[in-house]
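What follows is a short report on a single structure.
Lettering of chains follows the sequences in order, A, B, ..., and the numbering in each one begins at 1.
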Number of protein chains: 4
Amino acid sequence: MSSRADAVRNRELLLSAAAEEFAENGVDAPISAVARRAGLGKGTVFRHFPTKDDLVAALVVDHVTRLVDLANDLVGAEDAGAAVLEFLSFAARQRQLLDIPFLAHVSDEVAARKQGELERAITALVDHAREQGALRPDVTGIDVMRLMCVPNEIMRNLPDAQPDLWERYLAIVFDGLRPEGAHPLPHPPAA
Amino acid sequence: MSSRADAVRNRELLLSAAAEEFAENGVDAPISAVARRAGLGKGTVFRHFPTKDDLVAALVVDHVTRLVDLANDLVGAEDAGAAVLEFLSFAARQRQLLDIPFLAHVSDEVAARKQGELERAITALVDHAREQGALRPDVTGIDVMRLMCVPNEIMRNLPDAQPDLWERYLAIVFDGLRPEGAHPLPHPPAA
Amino acid sequence: MSSRADAVRNRELLLSAAAEEFAENGVDAPISAVARRAGLGKGTVFRHFPTKDDLVAALVVDHVTRLVDLANDLVGAEDAGAAVLEFLSFAARQRQLLDIPFLAHVSDEVAARKQGELERAITALVDHAREQGALRPDVTGIDVMRLMCVPNEIMRNLPDAQPDLWERYLAIVFDGLRPEGAHPLPHPPAA
Amino acid sequence: MSSRADAVRNRELLLSAAAEEFAENGVDAPISAVARRAGLGKGTVFRHFPTKDDLVAALVVDHVTRLVDLANDLVGAEDAGAAVLEFLSFAARQRQLLDIPFLAHVSDEVAARKQGELERAITALVDHAREQGALRPDVTGIDVMRLMCVPNEIMRNLPDAQPDLWERYLAIVFDGLRPEGAHPLPHPPAA
DNA sequence: GATGAATGAGCATTCATTCAT
DNA sequence: AATGAATGAATGCTCATTCAT
């Protein structure tokens, strides 16, 4: 009755339902809400993701994968500074739960590996931009990764704000990453 | 076990236990964990704060009060730019849960009033700094309020980082607030 | 442990377990006691009745429905006086919690509607009996409704009494409803 | 500072506060509400009544004592039937928690003894009335004791009714106790 | 003797997870 | 493979009771 293809479709259905639900109501939203939003039974969620944490991890992997792909696409761009800005804008537009809390608390191996990939991809991007003089000399990919979520977190705290307001705060942060008027940074970024 | 006089001390005990617990494990940490950390019974928490929300609100009020007081102290400073930086450094050092999510979700009246005070105090500070040319011309107190939590949020995601790492990210954000090399900001900050 | 079909049975199981438990220990009996008596988990109670109040309301509706049905069956009886007595006997045999406190405090809409039905049905029954001269001229359906629980309440206070003792007290009350030797009643019954 | 007399006064204060509180909000009202109503500390309640049950028992004893005293006063009355009616009216006017549930569930020895006294006093009263032909020949003091609370229980279920409505239901019950038109009662009243 | 702070058992309710169908 | 019923651990909160002052 249900083909392999249906299973794949359901998995996607669940992932996007979960992304919406968690973005809207936080990760504490019950699994049942995700199931309802997907039009599926609660049991089906657990068939695909044995644990709620697994579902969250899959979401993170999905999201990080998209970011890695974009970063890799952008890594050869002429204007590396613009590329970094585009990357950060893309990240900000994904309202999903790209909190680093997640990146951090999700213990999933695959997720961890993906984060490593992301770190390398962003670092490449940032290194280019720094070398081109588009970013301050003392900033690293890790720094950018850590600042990546700032617009999202601000927006999460302002549920009624106009949807593009994040651009304002990304602009400020990005100005802080530029070489003009940069004051030397304390501490190394560490691992 | 505790005398009448210790009741006051217990309230403080509870507030700081709650601050630690919530900073470490998020607001979803159970009241029982707060009680255990304070070395008190669960019921005692509810004697002092009839509701979990009341406890959170008290925490917010406490914290915001400290920030308002500092902002008011700093408002007359010669170097207003340095004053803003000092204010942000102080805010970052308070590891407590000064998430805007809290500031926003706490429905307590007193807390709301305190937040209004904070907004006014920061705005005064920022206005001075802007007028002195220490901050970019298009930044407002509200913007600073929203960016105030960035170092804390980054640190929360990095539980094993060296304790002063926040200085690095505050430095970047603050460079973004300076007038040198500032690119005009999109959107008004709105209320 | 239970099939889809047993879910219906479980609802009944829970209702009768609750009826017994509440009749025996009062409505303040914990839900866990109801669950235990039904041989089910505490969570299962909440699956079927989202709230303790919902469970109580369902019980009331069930009970009142049975009474309404009987009253409607009896309304055409030849001997309306005997019909009223039969009705009251049936009500007394249902040990359940047909306290008016419940009828009153249950805020459930459906329950309220059912009580209206009951009042109308009893009133019809009583009106007939009064017209036939089987009841005193100054008694109403509302009065009978209010006296309906007397035997139950007496029995609840006498847990060790012989199970049919209620008949004695119903007999006394019913004699008080007869026209013979009736002294005029003070106050109207009011709504 | 506090004399023996104050202690006695406080005991009375507490008893009447408890009577009011429990009559108004049910026996589940917290001890703290009783203390507040009495204008005393919670601890003081427990000094006088080591247990909430003790307080309730004391209330019952108080109440039953009043009833016993009245019954004894009335036992020599000319019109014994009128005396029984007066006794029942007095009982109905005491809105307090004279539920038999209490009489039954209170395990206090003194309370039990007092109930024995009450039973004997009522029985004497009822015996006289029966002998005078004012009550049906098959009714006993125990029956009257059990029916004594009916008006109270009906009123408890009708919080908004006019305060004298109980007279209507006492009248019905009392008519049921009269010899006119009495149908023989089933079952002995038992102990 | 009086007070109110502290305590923990008890209760309603939610939700991740398991499993029979 | 999908479903939703059953389950119990966890949580916020209330309240009788104890006890230091």
When the distance from [atom1] of [X] to [atom2] of [N] is rounded to whole Å, what number comes out?
X: B/R36; N: F/dA10; atom1: CZ; atom2: C1'; value: 12 Å
X: C/D28; N: F/dA16; atom1: CG; atom2: P; value: 12 Å
X: A/D54; N: E/dA16; atom1: CG; atom2: P; value: 13 Å
X: A/H48; N: E/dT18; atom1: NE2; atom2: P; value: 16 Å
X: C/F49; N: E/dT14; atom1: CZ; atom2: C1'; value: 18 Å
X: A/R47; N: F/dG4; atom1: CZ; atom2: P; value: 14 Å
X: A/D53; N: E/dC15; atom1: CG; atom2: P; value: 16 Å
X: D/L55; N: F/dA16; atom1: CG; atom2: C1'; value: 12 Å

* To do: If F/dC15 has a Watson-Crick or G-U wobble mate with both distances under 3.5 Å, name it; if not, just say none.
  => E/dG8
* To do: For E/dT13, give its Watson-Crick or G-U wobble partner with both distances under 3.5 Å, or none.
  =>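 E/dT13 is paired with F/dA10.
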* Any D/N10 side-chain N or O less than 4.0 Å from OP1/OP2 of E/dG1 ->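 Checking D/N10 against E/dG1: no side-chain N or O falls below 4.0 Å of OP1 or OP2.
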* Test item: side-chain donor near acceptor, B/N157 and B/E153, under 3.5 Å -> no
* Do D/K42 and F/dT17 have a side chain to base donor-acceptor pair shorter than 3.5 Å? -> yes
* **base_contact_polar (F/dT11 base, B/K52 side chain, donor-acceptor, <3.5 Å)** => no
* Before accepting this row, confirm whether a basic side-chain N of the pair C/R37/C/E24 lies closer than 4.0 Å to the acidic partner's carboxylate O. => yes
* Closest-nucleotide 5' rank along DNA chain F - winner of B/T51 and C/T44 ->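 Nearest-nucleotide comparison on DNA chain F picks C/T44.
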* To do: Return the 5'-most residue of the pair B/I31, D/P30 with respect to DNA chain F, ranking by each residue's nearest nucleotide.
  =>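 Upstream on the strand: B/I31.
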* **Reported CG-to-CZ distance for the pair B/L40 and B/R11, which is rounded to 0.5 angstrom** =>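 The CZ atom of B/R11 is 13.5 Å from CG of B/L40, to the nearest 0.5 Å.
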* Please round to the nearest 0.5 Å and tell me the distance separating atom CG of B/D28 and atom CG of A/D28. =>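 One gets 4.5 Å once the value is rounded to the nearest 0.5 Å.
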* **Test item: A/K114 side-chain N/O and A/V60 main-chain N/O as donor-acceptor pair under 3.5 Å** =>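 The answer is no, because no donor-acceptor pair under 3.5 Å joins these two groups.
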* To do: For A/F46 and for D/G39, locate the closest nucleotide of DNA chain E by heavy-atom distance; then report the residue assigned to the nucleotide nearer the 5' terminus.
  => D/G39
